[in-house]
Chemist: 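Dropping a structure here in structure tokens format, bear with me for questions.
Residue numbers count from 1 along this sequence.
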Amino acid sequence: MGDGRWRTAGRALLRVVAVWAVSTLTLLALAGILPDFQLQSDDGDSVTRTAFTAAWGAGAFGLLSALVWPVLVRALLIVPALVLGALVFFLNGSLLLIALSLIPDGRGTANPETAVVVAAVMSAVASATSTALAVRDDDAYRRRLSRLADRRRRRSGTAGTADGGRGGPPGIVFVQLDGVGHDVLEQAAAAGLMPTVAGLLADEAGHRLTPWSTDWSSQTGASQLGILHGSNFDVPAFRWYEKETGTVMVSSRPASALELQRRAIVRTRDGGLLTVDGASRGNLFSGGADQLALVLSMAARRGKGRRSRAGYFAYFSDPANAVRTALSFVAEVGREIGQSTRARIKKESPRVKRGGLYPFIRAFATVVERDVVVAAVIGDMFAGRTAVYADLVAYDEVAHHSGPHSRDAEKVLTRLDRSLGLIAKVAEHTPRTYRIVLLSDHGQSPGETFAGRYGLTLKDLVRAGCGLPVPRRAQRTRSASEARDAVRIALHRPVGEKESEHPATPSDPVVLASGNLGLLSFPDIEGRASREELERRHPALLATLAGHPGIGFLLVRSEEHGSVVLGPDGAEVPVPELTDGEGPIAAFGAGAAEAVRRTDTFPHVADVMVNSMYDPETGRVHAFEEQIGSHGGLGGEQSRPFLLWPRTLADPRDIVAAEGGAASCGPVGAEAVHRILARWLRELSGPQVPLLTEGFTGAERADEPFPDVDTDADVPGARG
């Protein structure tokens, strides 16, 4: 408690000093511009003396404004508002003249008309500076939101209940820390990088942490679809080719996301996890929520239903929010430029290019989306909504380019922890109690890119195996583009559905990359190509891929043996006979065999599925994209995300055991996580009624933007 008070006092002192410094510079600038205002003696003064005079005058004016102005306003409350509005300028000018008279040796002079102008400018600058600094203070931000919520409850008549308005069953807030693996979170909490998370784990009555296992496709599209909608069947990767339509499905494209959501709803006949009084914030999919902001699948809708950007408008309509986020955005761009420059100077390895627009894309993901989503969640909590699911993508974006265990990524975790702390503090003042669940959709595995390690991309290797021309220099493979597409949607720029991965001619193979998972399709072969057909057309292809040191194993269909897994040194195992810890998948750990078997049943599984090598000693993989932290396939931390849940809720392992799974194991697959979250919702609020309307997309009702943030100045001595 004592340390907290000292930190608060220190921040307040720094704000005072900063406002004083800016006011001093403003006073110097005005003295140089206005002819009837001076801060020097008639004979002139040195620069140091003039600066001292300006600092004295700015300090005196600020002190008088803080001490005298409230008294004057209170004394003049009986004056009609119109008259008081006119008096404000003259009273402010009078305070400035008094402040100038307090400067030693009479060096500050101004005529009354000029004093009014100077005082108005000084007040505006000081107010803007103070607001800009205060809005970056989480405690001040929380107090403003709390006051706004109190006023909203008083207007709606819900305030003043015996329990302070916190009646009824608890709500639940699910916060997804995109890409944060179980081990990364555990280590960050232990190292003091995430004190909020550490506090939850340290409290005996608080939270518990457990890992869960992703499907083979360890990426947000598959995981979040399964978590929110209960099915990720037929999602083999982040991007894949569908032969019947000749299109590439990309999880981060609005039209693809909407279609995946539609397919999941048709399969489950359930609108999603959030169909009852839910809110979906910053996600790829709606989860069936009524309240939507920054939901990618909704960006493909037309007319009134297209409300994916409503959250941005609602957030930035408040000037204080705009200042808060703009300052952080600029700082983040500078931080990325500095960090990437340091990495180049130190010749860190592995390393990928981080120039061009990337600093701005990173700042958007780590600042703009974070601030908008957190504000939306806080608005939902103050509105008393039953279930909220929000995705914070900051860590995932930085870890792709800097590495999942880098200093850059660790700093992002610390800033995310501050956001979690803010949400936890807000929960103390909401109209209903809330249970807060943290989870991730996947982790990330480190490693040099495939192209960086071997000098050619997966596409180059495939073309060589097919006897097709290969460029002399390795071409850059487009990276997974969640943040890039989100930026384009936020700016109302079109997000194209046709990618360069489309085949130039029908005979060219389509080679797609999803982290360290590669997908190879032949458009001119109807249906799923067989091993025998591929070997007739391209005798060297499968042997070239399976024997490459950067590749762990292949999945391909055989006419004779059914689907088989191929590995180095001629290894070949029929999919039904796959066993964890044996054969080509031996290094990939528990659950690998079942993950491969499940994907093999998908209608849109690629002709050849390619998983990169994995070194269990170092945890490294080789991404087929420009990423030194990757996810999308099997191998290491990418397949081991986490669940952090309140102890008052049922243990996920008990739920797994009740479904017939091993009690010692955590959940396996995103669909299992969906069932756990749905069970927790039932525990807190009773049965959730599924929506059985055919064709429901989860966004038939209009998206109501979250409440605007109150921009009133902080109340001195206010308690959050």
Side-chain angles (χ1 to χ4, degrees), residues 7-8 10-22 25 125-142 144 177-179 188 193-196 282 294 311-312 315-316 318-346 354-375 378 392-403 406-423 483-484 486-487 490-491 709 711 714:
R7 284 196 296 270
T8 301
R11 288 196 295 265
L13 179 60
L14 288 175
R15 284 201 298 271
V16 170
V17 172
V19 172
W20 189 4
V22 172
L25 294 174
V125 170
S127 176
T129 304
S130 180
T131 299
L133 294 172
V135 295
R136 288 186 58 105
D137 187 315
D138 286 343
D139 290 333
Y141 184 53
R142 176 171 53 86
R144 285 196 304 277
L177 300 183
D178 204 300
L193 298 173
M194 304 186 76
T196 300
L294 319 189
Y312 294 110
Y315 181 81
F316 287 109
D318 184 337
N321 289 344
V323 171
R324 172 188 177 95
T325 299
L327 290 175
S328 297
F329 183 92
V330 173
E332 187 71 10
V333 170
R335 184 179 293 116
E336 162 54 26
I337 293 173
Q339 290 172 348
S340 61
T341 301
R342 184 184 68 240
R344 287 196 305 271
I345 292 174
K346 296 176 68 175
R354 292 159 59 177
L357 293 177
Y358 172 69
F360 299 95
I361 294 171
R362 165 177 161 167
F364 178 85
T366 58
V367 174
V368 178
E369 281 204 302
R370 178 201 64 199
D371 287 356
V372 174
V373 168
V374 170
I378 291 172
L392 299 177
V393 302
Y395 171 86
D396 191 60
E397 179 63 27
V398 173
H400 278 316
H401 295 81
S402 300
S406 64
R407 288 180 54 196
D408 301 359
E410 289 178 347
K411 291 178 180 179
V412 173
L413 288 175
T414 298
R415 292 192 290 274
L416 284 176
D417 188 80
R418 287 185 59 201
S419 297
L420 298 176
L422 178 60
I423 292 172
R484 187 181 301 272
V487 171
L491 297 177
V709 177
T711 57
D714 292 332

Chemist: Determine the minimum heavy-atom distance between V333 and P359, stating which atoms define it.
Modeler: CG2-O, 3.8 Å
Chemist: Among R335, R415, R354, find the residue that satisfies the salt bridge (Lys or Arg N to Asp or Glu O under 4.0 Å) test when tested with D408.
Modeler: R354
Chemist: So, taking the atom named CD1 in I337 and the one named OH in Y358, what distance separates them when rounded to the nearest 0.5 Å?
Modeler: 12.0 Å
Chemist: Once salt bridge (Lys or Arg N to Asp or Glu O under 4.0 Å) is applied, do any residues pair with R370, and if so which ones, sequence neighbours excluded?
Modeler: none
Chemist: Of all the heavy-atom pairs spanning E332 and A363, show the shortest one and how long it is.
Modeler: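 Shortest heavy-atom contact: CG-CA, 3.7 Å.
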Chemist: So do the side chains of L193 and D417 get within less than 4.5 Å of each other, counting heavy atoms only?
Modeler: no
Chemist: What's the separation between atom CE in M194 and atom CG in L177, rounded to the nearest 0.5 Å?
Modeler: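 M194 CE to L177 CG: 5.5 Å, rounded to 0.5 Å.
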Chemist: How many angstroms lie between OG in S406 and NE2 in H401, if you round to the nearest 0.5 Å?
Modeler: 12.0 Å
Chemist: Nearest 0.5 angstrom please: K411 NZ to Q339 CD, how far?
Modeler: 5.5 Å
Chemist: Are there more than 12 heavy atoms of other residues, nucleotides or ligands under 6.0 Å from atom CZ of R407?
Modeler: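 No, CZ of R407 has 12 or fewer neighbouring heavy atoms, counting only those of other groups under 6.0 Å.
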Chemist: Work out which heavy atom in A409 is nearest to a heavy atom in Y395; give both atom names and the distance.
Modeler: CB-CE1, 3.6 Å
Chemist: Ignoring hydrogens and angles, tell me if any N or O in the side chain of T366 forms a donor-acceptor pair with the backbone of A394 under 3.5 Å.
Modeler: no
Chemist: Looking only at non-hydrogen atoms, find the nearest pair between F329 and F364 and report the distance.
Modeler: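 What the structure gives for the nearest pair is CE1-N, 3.7 Å.
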Chemist: If you compare all heavy atoms of V367 against all heavy atoms of S328, which two are closest, and at what distance to 0.1 Å?
Modeler: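 Looking at all heavy atoms of both residues, the closest pair is CG1-CB, 3.5 Å.
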Chemist: Nearest 0.5 angstrom please: I423 CD1 to R418 CZ, how far?
Modeler: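 The distance works out to 13.0 Å.
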